[in-house]
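Note sheet for the following structure.
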Amino acid sequence: MGYEEKGTWLYLVVAVVGFGVYLALLLPRLATSAVDEVDYVPLMLWTIGGAIVVTIIARILLEIVFPSEQTKPDQRDKEIERTGERVGNSFVVIGALAALIMSWFELDWFWIANTIYLCFVLSAILSSITRLVAYRAGGFQSW
């Protein structure tokens with residue numbers, strides 16, 4: 001498995017686990033408090049920041065334990081990256097549109113922020129899966 005593919009697996013796992021941790025910490029607070037009383041911002045910031053730190057440390061450790069022969073991406077890696085980002089960015093756009101519509105109806109900031117966060121996570125998952133399928137498909141064709 002190449003350097004870029006390992007990084008994609010790591011990105012996928014951290015995105016899913018990081019959002020899972022966020023939900024595991026948030027849902028008990030929602031069970032005991034009203035939405036407008038839940039202090040979700042520090043929790044969201046810590047889980048996003050934690051995911052970034054974990055990704056960096058895990059990537060370093062992964063390369064120490066299982067070193068890649070080549071760390072510089074080739075043309076195939078670049079095409080796969082580009083395609084994965086194009087596919088994943090659809091959820092960023094969906095999240096932005098959802099947040100815009102929610103703001104028109106003056107929904108609570110909690111819902112707007114969490115919708116955007118969810119769409120970022122879905123974007124990471126979708127782009128990672130797209131890349132992994134492209135890596136595993138044998139040949140890669142630009143779509």
Side-chain angles (χ1 to χ4, degrees), residues 1-33 35-36 38-105 107-143:
M1 185 180 316
Y3 180 79
E4 296 295 326
E5 187 178 355
K6 282 192 275 187
T8 301
W9 275 107
L10 182 63
Y11 183 59
L12 175 61
V13 169
V14 171
V16 171
V17 171
F19 192 68
V21 168
Y22 174 72
L23 290 178
L25 296 171
L26 179 69
L27 292 177
R29 295 178 186 190
L30 286 174
T32 59
S33 302
V35 170
D36 58 346
V38 173
D39 193 17
Y40 68 93
V41 175
L43 180 59
M44 188 180 286
L45 289 173
W46 278 105
T47 54
I48 292 170
I52 292 167
V53 170
V54 166
T55 301
I56 293 168
I57 293 171
R59 185 64 185 249
I60 292 167
L61 292 175
L62 188 64
E63 283 304 312
I64 290 171
V65 176
F66 302 105
S68 299
E69 292 178 18
Q70 182 179 356
T71 57
K72 186 176 179 183
D74 59 14
Q75 186 61 34
R76 180 175 180 257
D77 290 327
K78 292 175 185 176
E79 287 293 323
I80 290 172
E81 170 77 18
R82 201 169 310 139
T83 301
E85 286 304 307
R86 263 186 275 164
V87 172
N89 282 342
S90 62
F91 272 99
V92 173
V93 172
I94 290 168
L97 288 173
L100 180 65
I101 292 167
M102 293 168 117
S103 68
W104 291 342
F105 291 101
L107 293 181
D108 192 85
W109 292 352
F110 172 87
W111 296 112
I112 296 171
N114 280 284
T115 298
I116 293 170
Y117 186 24
L118 173 64
C119 286
F120 279 142
V121 171
L122 292 175
S123 172
I125 292 169
L126 185 60
S127 74
S128 295
I129 290 172
T130 301
R131 288 184 211 149
L132 292 172
V133 167
Y135 277 117
R136 294 297 169 169
F140 178 75
Q141 299 177 13
S142 297
W143 295 317

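Quick note: residue numbers are just sequence positions, from 1.
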(message) Give me each pair satisfying side-chain hydrogen bond (donor to acceptor under 3.5 Å, both in side chains) with a member in residues 87-102, each pair once, sequence neighbours excluded.
(response) none
Would a 4.5 Å heavy-atom cut-off, applied to side chains only, mark [X] and [Y] as touching?
X    : Y    : answer
E5   : R136 : yes
T115 : M102 : yes
F91  : L118 : no
M1   : F66  : no
I48  : Y117 : yes

Over all heavy atoms of both residues, which pair between [X] and [Y] is shortest? Give the atoms and the distance, please.
X    : Y   : value
A58  : L10 : CB-CD1, 3.6 Å
P73  : K78 : O-CE, 3.9 Å
K6   : L62 : CB-CD2, 3.8 Å
G2   : S68 : C-OG, 4.1 Å
A134 : I80 : CB-CG1, 3.8 Å
A124 : A15 : CB-CB, 3.9 Å

(request) Check whether any side-chain N or O of T47 sits under 3.5 Å from a backbone N or O of L43 as a donor-acceptor pair, and report yes or no. (result) yes
(message) Keeping S33 on the side-chain end and L30 on the backbone end, is there a donor-acceptor pair under 3.5 Å?
(response)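 Side chain of S33 to backbone of L30, a donor-acceptor pair under 3.5 Å: no, none is there.
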(request) Give a yes or no on whether F120 atom CZ has more than 12 heavy-atom contacts from other residues, nucleotides or ligands under 6.0 Å away. (result) no
Mind checking the [atom1]-[atom2] spacing from [X] to [Y]? Nearest 0.5 Å is all I need.
X    : Y    : atom1 : atom2 : answer
I125 : Y11  : CD1   : OH    : 9.5 Å
D77  : Y135 : CG    : OH    : 3.5 Å
I94  : S123 : CD1   : OG    : 9.5 Å
L12  : W9   : CG    : CH2   : 6.5 Å
Y3   : T8   : OH    : OG1   : 10.5 Å
L61  : E63  : CG    : CD    : 10.5 Å

(request) Kindly write out the residues that satisfy side-chain contact (heavy atoms from CB on, under 4.5 Å) with V13, not counting sequence neighbours, or none if the list is empty. (result)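 Here the qualifying residues are V17.
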For a quick test of your reading: what N or O donor-acceptor pairs under 3.5 Å do the side chains of residues 20-27 make, sequence neighbours left out?
from, atom 1, to, atom 2, distance (Å)
Y22, OH, N114, OD1, 2.5

(request) For the pair E79 and R82, find out whether any cationic side-chain nitrogen is under 4.0 Å from an anionic carboxylate oxygen. (result)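 Yes.
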(message) With side chain to side chain contact (heavy atoms under 4.5 Å, CB included) as the test, pick out the partner of E81 among R131, R86, R76.
(response)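 Of the listed options, the one satisfying the test is R131.
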